[in-house]
Amino acid sequence: MRPDTSVSRGAVARIDAEPIISLTDLSVHFALRGSALGRLIGRSSGSVKALDGVTLDIQPGEVVGLVGESGSGKSTLGRAVLGLAPVTGGSIKFRGREISTLSESAMRPLRAKLQMIFQDPHAALNPSMTVGQAISDALRIHGVPEADRPAQVAGALHRVGLSPVERFAPKYPAELSGGQKQRAVIARALSLGPELLVADE
């Protein structure tokens, strides 16, 4: 992250608890694509340091906000924590367990505990699924029994203010306003009962 990126913390953390997430000297670098000729002769095209040496602990119950200009690495940090951006160096520990080096198959069981609310709700929702189907499908993927899904879908929609549930669950994304789409994406993330929720703006 750039030096002008700052961290704002809530006041609800249990300071004596083990951090839920612990980042140590975390770096994410992206290679620049050079010309075809440069690649043929082995010339390095360099890299962009999206994150470089980030160290941060987040306690259970704590709300942490990253503030910085566009391109300062905020989204990259969130994606790296969830295993969606490749880590170049450093460590990411979830409840004391190193996760930055896990394979996709090893990371999959943790996906329900680590959820992200993406910046563009329109792109995050499948246009061919209703809101209820989108949330139910996320529950199915994470092994929630079919009999339990309707109640969890209803609870998640009610929690984000998309009620009455009978009105919003059958709607397709195209039938929702921008704010309602954002709430639907939040409901999908909350339905899994995550221990860490990363909200990208």
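The model shown is predicted, which means the values in this text are computed figures rather than measured ones.
Annotation: the span from Glu62 atom CD to Ile21 atom CD1 amounts to 12.0 Å, rounded to 0.5 Å. Between the CG atom in Leu84 and the OG atom in Ser75 there is a gap of 11.5 Å [rounded to 0.5 Å]. For the atom pair CZ of Arg108 and CG of Leu110, the computed distance is 11.5 Å after rounding to the nearest 0.5 Å. Note: Asn126 CG to Asp137 CG = 8.5 Å, rounded to the nearest 0.5 Å. Atom CD in Gln119 sits 4.5 Å away from atom CG in Asp200 (nearest 0.5 Å). Rounded to the nearest 0.5 Å, atoms CG (Leu114) and CD1 (Ile99) are 5.5 Å apart.
Contact detail for Ala187 and Ala156: the closest heavy-atom pair is O-CB, 3.4 Å. Scanning both residues, Gly90 and Ser100, for their nearest heavy atoms gives O-OG, 3.9 Å. For the residue pair Gly178 and Pro121, the shortest heavy atom distance occurs at O-CG, 4.3 Å. Here the closest non-hydrogen pair linking Leu197 and Ala189 is CD1-CB, 3.8 Å. Of all heavy-atom pairs between Ala184 and Leu162, the closest is N-CD1, 3.8 Å.
Contact annotation: the side chain of Arg95 approaches that of Glu195 to within less than 4.5 Å [non-hydrogen atoms, C-beta and beyond]. Side-chain contact between Ser27 and Leu51 is absent, with no heavy-atom pair separated by less than 4.5 Å. The closest side-chain heavy-atom distance from Leu77 to Leu23 is below 4.5 Å. Under the 4.5 Å side-chain criterion, counting only non-hydrogen atoms from C-beta, Phe94 is in contact with Lys113. The side-chain heavy atoms of Gln182 and Ile117, taken from C-beta on, include a pair separated by under 4.5 Å. The closest side-chain heavy-atom distance from Val63 to Ile58 is not below 4.5 Å. You'll find the side chain of Phe118 stays beyond 4.5 Å of the side chain of Leu125, heavy atoms only. Residues Phe168 and Gln180 form a side-chain contact, since some pair of their non-hydrogen atoms from C-beta on lies under 4.5 Å apart.
In this structure, the side chain of Thr88 engages the main chain of His29 through a donor-acceptor pair within 3.5 Å. Formation of a donor-acceptor pair under 3.5 Å by the Lys93 side chain with backbone atoms of Ile20 is not found in this model. Without hydrogens or angle criteria, Lys49 side chain to Val28 main chain gives no donor-acceptor distance under 3.5 Å. A donor-acceptor pair under 3.5 Å links the side-chain atoms of Gln115 to the main chain of Arg111, judged by distance alone. In this structure a side-chain-to-backbone donor-acceptor pair under 3.5 Å is present from Ser191 to Arg188. Judged by distance alone, with hydrogens and angles left aside, the side-chain atoms of Glu98 form a donor-acceptor pair with the main-chain N or O of Ile92 at under 3.5 Å. Checked by atom type and distance alone, the side chain of Arg149 pairs as donor or acceptor with a backbone atom of Val144 at under 3.5 Å.
Both Phe30 and Val87 are part of a single hydrophobic cluster, where members link through side-chain heavy atoms under 4.5 Å apart. Ile186 and Leu82 fall into different hydrophobic clusters, where Ile, Leu, Val, Met, Phe, Trp and Tyr residues are linked whenever their side-chain heavy atoms come under 4.5 Å apart, directly or through other members. Residues Tyr172 and Val185 fall into different hydrophobic clusters, defined by Ile, Leu, Val, Met, Phe, Trp and Tyr side chains chained together at heavy-atom separations under 4.5 Å. Residues Val165 and Leu139 share a single hydrophobic cluster, defined by chaining ILVMFWY side chains whose heavy atoms lie under 4.5 Å apart. Side-chain heavy atoms closer than 4.5 Å link hydrophobic residues (I, L, V, M, F, W, Y) into clusters, and following such links, possibly through other members, connects Leu190 to Leu176.
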Working for side chain to side chain contact (heavy atoms under 4.5 Å, CB included), residues Leu192 and Gln152: CA-CA 8 Å; Leu192 294 163; Gln152 288 186 234; over 6 Å; no
CA sep, side-chain torsions, deciding dist, call: Glu146, Arg140, side chain to side chain contact (heavy atoms under 4.5 Å, CB included): CA-CA 7 Å; Glu146 187 173 0; Arg140 176 191 63 79; over 6 Å; no
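A donor and an acceptor atom, one from each side chain of Thr55 and Asp25, are nowhere located under 3.5 Å apart.
Using a 4.0 Å cut-off between a side-chain N of Lys or Arg and a carboxylate O of Asp or Glu, Glu175 and Lys181 do not qualify as a salt bridge.
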